[in-house]
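Residue numbers start from 1 in every chain, and the chains themselves are labelled A, B, ... in the order their sequence lines are given, proteins ahead of strands. Just so it is clear, the values below take in all heavy atoms, side chains as well, and ignore hydrogens, waters and symmetry mates.
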Amino acid sequence: MPWLLKSEPDVFSYADLVRVGREGWNGVRNYQARNFLRQMREDDLCLFYHSNARPTGVAGVARVVREAYPDDLQFDPASEYFDPASTPDSPRWSMVDVAPVFDLPAVLTLDTLRTLPEWQDSPLTRRGSRLSVLPVTPGQFRAALRAAGVEDRDGLIGGGR
DNA sequence: GCCAACGTTGGC
DNA sequence: GCCAACGTTGGC
């Protein structure tokens, strides 16, 4: 299943992901988002979304390269993501690792996404939604890449479901 | 920088 | 278990 990951580009952009090659997606501190992280499978594709940006929108596509494991920051007292209530025996928060796949020719803006029929009923376009990790249907994924002008390469976008 | 919407916290 | 207060998210 494809996903969407939000990141503030001032903090960590898609270009940063390309630069580092691979990144641990830690610091998620919302239960719904965490539960989605735990459902991610290796090689699942992710739309990499820039929030709090100009413009806001999808900047590239990433891929899950390691499935959920305990978020390292929850045990680090020096981290702003430290959670004193979490223990190594039963970690409360999870993270995955992601790697870049390709960037989009231009940012696929939120405004454009809102025009796509497939995206009418998504937590992303729903007013007031703050979910930072959310599932994307294959139809939404295909429609997004099509709107971004990306041709299907090697059947990446897929046909089924 | 503003502020609406939302999730979490904590007193009761 | 309710709900007011508070902090955060994120578009604008």
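Residue contacts for Leu124(A): at a heavy-atom cut-off of 4.0 Å it reaches no nucleic acid atom on any strand shown.
Atom pair Asn52(A):CG and dC2(B):P shows a separation of 15 Å (rounding to whole Å applied).
Here the CH2 atom belonging to Trp119(A) is positioned 8.0 Å from the CG atom belonging to Leu108(A), to the nearest 0.5 angstrom. The CZ atom of Phe36(A) lies 12.0 Å from the CG atom of Leu5(A); values are rounded to the nearest 0.5 Å. In this structure, CZ in Arg41(A) is found 8.5 Å from CH2 in Trp3(A), a value given to the nearest 0.5 Å.
Relative orientation of the Phe12(A) and Phe48(A) rings is tilted, given thresholds of 30° and 60° on the angle between their planes.
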Report task. Take Asp71(A) and Arg29(A) through the test side chain to side chain contact (heavy atoms under 4.5 Å, CB included) and record every step on the way to the result. Result -> CA-CA 10 Å; Asp71(A) 183 317; Arg29(A) 293 295 179 269; 3.0 Å; yes
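Less than 4.0 Å separates DNA chain B from no heavy atom of any residue of residues 6-20 of chain A.
Remark: the backbone N or O of Glu67(A) is not paired with any side-chain donor or acceptor of Glu42(A) at under 3.5 angstrom.
A chain of hydrophobic side-chain contacts below 4.5 Å, direct or via other Ile, Leu, Val, Met, Phe, Trp or Tyr residues, connects Leu134(A) to Met1(A). When hydrophobic clusters are built by joining Ile, Leu, Val, Met, Phe, Trp and Tyr residues whose side-chain heavy atoms come closer than 4.5 Å, directly or via intermediates, Tyr49(A) is grouped together with Val28(A).
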Report task. For nucleotides 5-10 of chain B, just jot down a letter per nucleotide in 5' to 3' order: B, S or -, based on protein non-hydrogen atoms under 4.0 Å. Result -> BBSS--
